[in-house]
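Some notes on the structure that comes next.
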Amino acid sequence: SIFQASLTDDIYEEVEELLIQTDMGMDTVTTLVANVEKQMSRKEKQNSSMVFDSLRQELISMINTHDTAIRKAPAGFPTVVFVVGVNGTGKTTSVAKLANRLLADKKKVVLAACDTFRGAAIEQLEVWAQRTGTYLVKHQHGADAAAVAFDAVESAKARGADYLLVDTAGRLHTNKNLMEELKKIKRTVEKRIPSAPHEILITIDAVTGQNAVPQVKTFHEALNLTGIILTKLDGTAKGGIVVRIQHELNIPVKFIGIGESMDDLLPFDSKEFVHALFE
Amino acid sequence: SLSEKLNSVFKNLRGYGRLSEKNIKDALREIKLALLEADVNYIVVKEFVEAVKEKAVGSKVLDSITPGQQIVKIVHDEIVRLMGGTPYPVELKGKKNRIMLVGLQGSGKTTSAAKLASYFRKKGFSPFMVALDIQRPAAMDQLAFLGKQIDVPVYLDKKEKKVVKIAEQAMEKARQTEVSLELFDTAGRLHIDDALMDELISLKNTIKPDEILFVADSMTGQDAVNSIKVFHDKLSLTGVILTKIDGDARGGAALSIKSTTGCPIRFVGIGEKINDFDVFYPERMASRVLG
Ligand SMILES: Nc1nc2c(ncn2[C@@H]2O[C@H](COP(=O)(O)OP(=O)(O)OP(=O)(O)O)[C@@H](O)[C@H]2O)c(=O)[nH]1
Ligand SMILES: Nc1nc2c(ncn2[C@@H]2O[C@H](COP(=O)(O)OP(=O)(O)OP(=O)(O)O)[C@@H](O)[C@H]2O)c(=O)[nH]1
Ligand SMILES: [Mg+2]
Ligand SMILES: [Mg+2]
């Protein structure tokens with residue numbers, strides 16, 4: 001058709017520009033565009049809306065894991081969930097949101113204040129514990145985080161809690177000592193409940209660029225992550241980096257954060273996410 | 001690294017003037033990929049590559065025995081130039097200085113307020129911090145904790161619901177003392193939240209700060225220019241503090257921010273402790289972005 005020449009020249013450049021701006025990274029974009037071009041080459045007629053349909057399909061199939069459930073502990077044990085991640089990405093707020101979600105589901109929840117380092121971190125979680133009506137296990141500022149975790153597991157077991165949510169201090173994946181501290185907290189919990197922690201979620205701020213990949217890689221190598229919480233998606237950032245993360249590391253996004261209140265958490269929906277990438 | 005990649009693009013050349021169109025095209029593509037991987041904004045990358053292309057087809061590169069190194073130098077110098085060339089830390093002049101800190105959620109404003117207080121105290125100023133984040137749980141406690149840690153007074157009001165009133169009360173209190181630097185920490189907010197952006201405008205009109213610094217996370221990707229453009233349009237920022245440089249984020253946002261808004265990066269956050277604070281050096285950032 002007479003539109004074919006202009007279609008292939010400009011449309012793929014337009015697609016590349018659009019996808020790059022979602023923070024997907026050049027490698028992932030190149031793979032996607034190549035897949036779409038292959039799909040398009042099999043078609044008799046082509047137009048730009050078909051390109052975008054094919055692109056959406058390719059994206060949805062690239063985000064191939066649909067795992068938004070929180071794993072359950074074996075009967076008789078509280079399910080232990082760790083929330084970890086780089087500084088300021090939304091861990092403490094996400095712990096509050098998860099607690100709120102579980103409580104709405106009539107579950108019994110206990111929180112652990114394992115950020116014993118940052119100023120007023122315990123106070124911050126304390127406010128959330130009050131607002132959600134959850135029991136908080138805490139020690140004094142500067143206490144050993146692993147000791148708090150140990151205490152929290154005992155407390156959760158004694159109270160017959162369904163879930164124990166552990167808030168941890170922000171840390172850069174490049175800080176070896178802090179990554180070791182996190183492994184120690186994990187080992188401490190494993191000693192008390194062999195199958196725990198049952199869920200280790202990393203928070204990734206939607207504004208993060210390509211650095212999210214080494215973040216997830218390093219935390220994953222240290223702890224064996226089970227999922228991602230993509231926070232601050234209520235901003236203008238698209239969070240497209242999770243497509244690259246899924247494609248390269250196969251770690252599922254389980255939840256998205258869409259605001260600062262305790263209700264602002266939703267299970268990840270790949271179709272909605274892909275549609276939002278193009279808005 | 002980009003220098004290694006560029007050198008390999010040209011490694012099979014011998015002698016002068018043998019650079020082909022393809023060599024230049026390959027080199028420009030490597031530069032584009034490296035800058036995108038470093039999180040430089042897509043539009044900024046396009047303009048940058050055009051600028052480098054113009055310089056690259058100049059005689060310096062064509063006559064060079066090591067065209068790869070020549071292009072690396074052009075790229076490096078262009079990045080340094082775009083980031084302002086030389087360090088430009090905030091310098092306080094008068095007897096009463098006011099600095100307001102603004103930015104997206106979690107970027108490091110509260111921590112940076114304390115770092116600035118300590119930095120300027122070492123320069124002989126008497127700092128005073130004002131807690132204007134009345135929304136985030138325990139935000140005021142966080143600033144109070146930091147103030148206590150560095151022995152700097154903090155003004156906070158847990159009862160007042162209007163931040164403008166808190167700012168006025170704080171400034172009145174400061175007026176009665178020898179305080180020479182007032183630092184205002186504000187709540188993180190989205191640039192698309194009109195009500196909260198209006199709140200910042202009211203605060204600016206009340207405080208009339210000497211400096212309004214946007215605190216940005218160095219791991220920010222393509223969205224960096226979207227947020228800073230709005231903050232800059234509405235507040236006329238006087239600079240940026242780039243935080244969490246102690247990580248391995250390449251920090252391309254630094255280049256995007258400066259080249260799209262002209263806002264100079266004044267300081268960097270290099271850790272969580274009070275002393276983890278430094279002047280921004282464009283040369284060092286250029287090397288980091290180049291990888
Ligand atoms: N708009 C928006 N803000 C969020 C979201 N999640 C968290 N925040 C805000 O981001 C800021 C940081 O959140 P925190 O929960 O303290 O982050 P953190 O990872 O625990 O921080 P550190 O413990 O200091 O590493 C706060 O101002 C939160 O209100 C979200 O989904 N949307
Ligand atoms: N590694 C590192 N961490 C930093 C740096 N600056 C701040 N942080 C950490 O980042 C997290 C967020 O810092 P805050 O000062 O609470 O950020 P904020 O902008 O005030 O957050 P909101 O008020 O919620 O918007 C904390 O864990 C800080 O310790 C830095 O330069 N390097
Ligand atoms: Mg926290
Ligand atoms: Mg703050």
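Quick caveat: nothing in here was measured; it's all calculated off a predicted structure. All values below were derived from every heavy atom in this structure, side-chain atoms included, with hydrogens, water molecules and symmetry-related copies excluded. A, B, ... follow the sequence lines: proteins, then strands. Residue 1 opens every chain.
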Charged N to carboxylate O below 4.0 Å: is that the case for A/R244 and B/E37?
yes
I'd like to know if the side chain of B/D39 pairs up with that of A/N211 as donor and acceptor (distance under 3.5 Å, no hydrogens or angles considered).
no
Please tell me if the side chains of A/V207 and B/L104 come closer than 4.5 Å, counting only heavy atoms from C-beta onward.
yes
Would you check, one step at a time, whether the test salt bridge (charged side-chain N to carboxylate O under 4.0 Å, His left out) holds for A/R171 with B/E272?
CA-CA 9 Å; A/R171 69 204 67 220; B/E272 294 195 72; over 6 Å; no
So do the side chains of B/F145 and A/H141 get within less than 4.5 Å of each other, counting heavy atoms only?
yes
Could you measure the distance from the CG atom of B/D217 to the CG atom of A/N87? Nearest 0.5 Å is fine.
8.5 Å
Checking B/D223 against A/T236: is there a side-chain donor and acceptor pair closer than 3.5 Å?
yes
Pair A/M26-B/K32, side-chain contact (heavy atoms from CB on, under 4.5 Å): steps then yes or no:
CA-CA 10 Å; A/M26 209 47 196; B/K32 173 184 169 185; 4.2 Å; yes
Determine the option with the most heavy-atom pairs under 4.5 angstrom with chain A, choosing from B/A38, B/A138, B/G188, B/G252.
B/A138
A/Q210 versus B/L36: any side-chain heavy-atom pair under 4.5 Å?
no
Sub-4.5 Å side-chain heavy-atom contact between A/E16 and B/Y42:
yes
May I ask you to decide whether A/E260 forms a salt bridge with B/R136, counting only side-chain N to carboxylate O separations under 4.0 Å?
no
For B/L146, which atoms come within 4.5 Å of any heavy atom of chain A: side chain, backbone, both, or neither?
neither
Please state whether the side chain, the backbone, both or neither of B/D246 comes within less than 4.5 Å of a heavy atom of chain A.
both
